[in-house]
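Here is the naming used below: chain letters follow the sequence lines, and residue numbers restart at 1 for every chain.
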Amino acid sequence: MAIMYALKSSDNEIFEVEQKVIEQSETIKKMIEDGAATGEIPLQVSSKTLAKVLEWCKQRQHKTVENENDDNKGKRKKERDEDDDIKEWENKFSDELKADKDVLFDLLLASNYLDLPALLSFLCQLVADMVAGKMPEEIRRMFNIENDFTPEEEKAITAEHGWAFQP
Amino acid sequence: MDNIIVNSLPAECISLIISLNSPPDACRLSAVSPAFKSAADSDTVWEKFLPSDYQQIIASSSASSSCSSSSVLLNSLSKKNLYFRLCNNPILIDDGNMCFGLEKESGKKCYMIGARALSIPCKDAPTFCLWKSIPESRFAEVVELKVMFWIDVKGRIETKILSPNTTYAAYLVYKLAEVTFGFKNGTVQLSVYFEGTDEPEKNYAALLDPAANKNSRQFLDGAGGWMEIEMGEFFVNGDDGRVVCSLFDMGGLINYKRGLVIQGIMVRPKH
């Protein structure tokens, strides 16, 4: 019987999760090891974001368990199919995040806070791909970032690296 | 509100996002906001854009460079400044016989093999080869090939010192001497091949006189009237090997040539 833990979001929603799934978070793993995880584990993460975090962790967990159960026979083909499945799942996951950037950044913060290196680097790559080749103004608009530079400061930066700003 | 979320991202997080992109992306991102600027200018980001063995390369420059403090100076720069310094001011390595720099857009390695490091027949016979030092060269000396009944100049470069998974091209950096003869109508053979493989048939005949060849063009350095012409291309997949860049001509007594000044052979990524 799998050991279950109860995670409590910042808006007081409870999520029941298997230990194996949630142990991917180094932060929570450490809490469990230290015996600090008795009863509900309160987290500074909204329920909406926590649901996404767990979606990611379950998908990763699923993948690991299946690989352990495989024997070598037919493994190659199965791995190939699985890789396609994971790719497809990741694409869907990415598309949802691209459409809702608040969740994307909340998730980035959460993956940093929960110490989920695989999710963190996945998200950083996602954002990196989103900003690649874009001009500063487009990036500001995309992420709703206010331009805190004075016109002079901005002019100086663009002048310093004029070559990089040519469309 | 959204701004707060972006600004609350840890700096390492923004640095990681930026370092997953290219140097021009990092420059553009530095203009987004002050928080992005400090992350985009950080050593963490630019260390990723520098070649992994940049410290070794810089260390090998101190012995050869005329300015003995150069490696000290380079090491004192921020990683971003070092990056652009290596793009704009290539450094001399290998006892001053080789020049190293970076391609600005990608951070990939560029080298120029100086004339002294090329294999040139009769290189110490003053009748055929005149070594001179001119201010508008990257190297202490360039060579003027005087009377040439045949030309057989080769530059060799180890592929392991180049950036992997990259298509490179080699360029002859040259100009014609004041007294010159035979390059307007007489072609030379240019080729690039891996050492140990048979010389390819991909030799191609080129006219070195710019008046006769629109493929030769101003060398990127600008000064000194140097020109460059592509000798051929090759792909670096990360395996060990040596590439030979060859300039050849069997002019003989009838089609002999005169007055070719060579600064070196440039090897840089091709786009």
Heavy atoms from other residues, nucleotides or ligands near CD of A:E33 exceed 12 (cutoff 6.0 Å): yes
Heavy-atom proximity to chain B below 4.5 Å, by part of A:E160: side chain
Heavy-atom side-chain contact between A:V131 and B:D25 under 4.5 Å: no
Distance in Å, B:C87 SG paired with A:W163 CH2, rounded so as to fall on 0.5 Å steps: 7.0 Å
Atom group of B:K37 that falls short of 4.5 Å from chain A, counting heavy atoms: side chain
Spatial distance of atom CG (B:N21) from atom SG (A:C124) [nearest 0.5 Å]: 11.0 Å
Considering all heavy atoms, the nearest A:P136-B:R28 contact: CG-O, 3.4 Å
Euclidean distance, B:S33 OG relative to A:E146 CD, rounded to 0.5 Å: 10.0 Å
Contact check, side chains of B:P10 and A:L109, non-hydrogen atoms, under 4.5 Å: yes
Test item: B:F36 and A:I145 side chains (from C-beta on) under 4.5 Å apart, heavy atoms: yes
Heavy-atom closest pair, residues B:P34 and A:F149: N-CZ, 3.4 Å
Residue among A:L120, A:I157, A:D129 with most heavy-atom pairs under 4.5 Å to chain B: A:I157
